[in-house]
Number of protein chains: 2
Amino acid sequence: MTKNLRLKAARAKLDMSQHELADAVDVTRQTISAIERGDYNPSIKLCIRICKVLNVTLNDLFWEEN
Amino acid sequence: MTKNLRLKAARAKLDMSQHELADAVDVTRQTISAIERGDYNPSIKLCIRICKVLNVTLNDLFWEEN
DNA sequence: TTGAAATGTATGATATAGTTTACATAAAGT
DNA sequence: ACTTTATGTAAACTATATCATACATTTCAA
């Protein structure tokens, strides 16, 4: 799997730590960390919660062209 | 959970059965059926595979404004 | 008017997402 | 020096997505 740097960047843009984002979407810090590292494959509902907290859309963080 | 009628519609637009879509994204028909009925919460990777087969994006099928 | 195709749904098994706890490192502040 | 904050990562556990199989209903073509 491949790292999700767009997620990391969107979080950085709001100056949120992994821990803060995790709390905001109600998962553990390890889950956010694993998603950013590309270590797994979150559910669509979790992706949507993350996007809403970060004020972006699914396409912004998770859509891959080509 | 709530039905995913946009998925059903996108599939209909291409005249694909649940079974055909399932084969194309390499899951069982039951999985597609359950997603359309809102009976569960697919992984982002499966969502992406579905979108690509149906020629739409994540936002088209899975993003919820509000 | 039978038969196949499309769909809904249920159940037990398996793979994996997500939790909990824990340890380690680096940076920054006191 | 010590403490706190942010992050990476690992192991054992729990919850749930997904599979495999199965049965039922509706629709529509032969």
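This structure is a prediction, so every number in the text was calculated from the model and none was measured. Values below: every heavy atom of this structure, side chains too, minus hydrogens, waters and symmetry copies. Order of the sequence lines sets the chain letters (A, B, ...), proteins ahead of strands, with each chain counted from 1.
Rounded to an integer number of Å, the gap from B:Lys45 NZ to D:dA17 C1' is 15 Å. If you take NZ of A:Lys3 and P of D:dT7, they are 13 Å apart, rounded to a whole angstrom. Between B:Leu21 atom CG and C:dA5 atom P there is a gap of 18 Å when expressed in whole angstrom units. The distance between atom CD of A:Gln18 and atom P of D:dG8, rounded to the nearest whole Å, is 5 Å. Rounded to whole Å, atom P of D:dA10 lies 13 Å from atom OH of A:Tyr40. Taking atom CD1 of residue B:Ile35 and atom P of nucleotide C:dT9, one finds them 15 Å apart after rounding to whole Å. One can place CD of A:Glu20 at 17 Å from P of D:dT4, the figure rounded to the nearest angstrom. Atom CG of A:Leu14 and atom P of D:dA6 are 15 Å apart (whole Å).
Within the nucleic acid shown, A:Thr31 comes within 4.0 Å of at least one base atom, counting heavy atoms only. If you check every strand for non-hydrogen atoms under 4.0 Å, A:Asp15 touches nothing. Residue contacts shown for B:Ser17 are limited to sugar-phosphate atoms, with no base heavy atom under 4.0 Å away.
For A:Ser33, taking side-chain heavy atoms from C-beta onward, the closest of the listed nucleotides D:dG8, C:dA22, D:dA17 is D:dG8. Relative to the side chain of B:Asn41, the nucleotides C:dG18, D:dC23, D:dA17 differ in distance, and D:dA17 lies closest. Here the nucleotide nearest the side chain of A:Gln30, chosen from C:dT21, C:dA17, D:dT18, is C:dT21. The side chain of A:Thr28 approaches C:dT20 more closely than any other nucleotide in the set C:dA22, C:dG18, C:dT20. Residue B:Arg37 places its side chain closer to C:dT9 than to any other of C:dT7, D:dT18, C:dT9.
The pair A:Glu20-A:Arg11 fails the salt-bridge criterion, with no side-chain N (NZ, NE, NH1 or NH2) lying under 4.0 Å from an Asp/Glu carboxylate O.
A close approach under 4.0 Å does occur between a side-chain nitrogen or oxygen of A:Ser43 and OP1 or OP2 of C:dG18. Applying the 4.0 Å criterion to OP1 and OP2 of C:dA6, one finds that B:Arg11 has every side-chain N and O outside that range. The side chain of B:Lys8 contributes no N or O atom lying less than 4.0 Å from OP1 or OP2 of C:dA6.
Counting atom types as modelled, A:Arg29 pairs no side-chain N or O with a base atom of C:dG18 as donor and acceptor under 3.5 Å.
Looking only at distances, no side-chain donor or acceptor of B:Asn4 sits under 3.5 Å from a matching main-chain atom of B:Ile35. Counting only distance, with no hydrogens or angles, the side chain of B:Arg6 and the backbone of B:Trp63 share a donor-acceptor pair below 3.5 Å.
Residues A:Arg37 and A:Ser33 have side chains that bring a donor and an acceptor to within less than 3.5 angstrom of each other.
B:Val25 and B:Val53 get closest at one heavy-atom pair: CG1-CG2, 3.7 Å.
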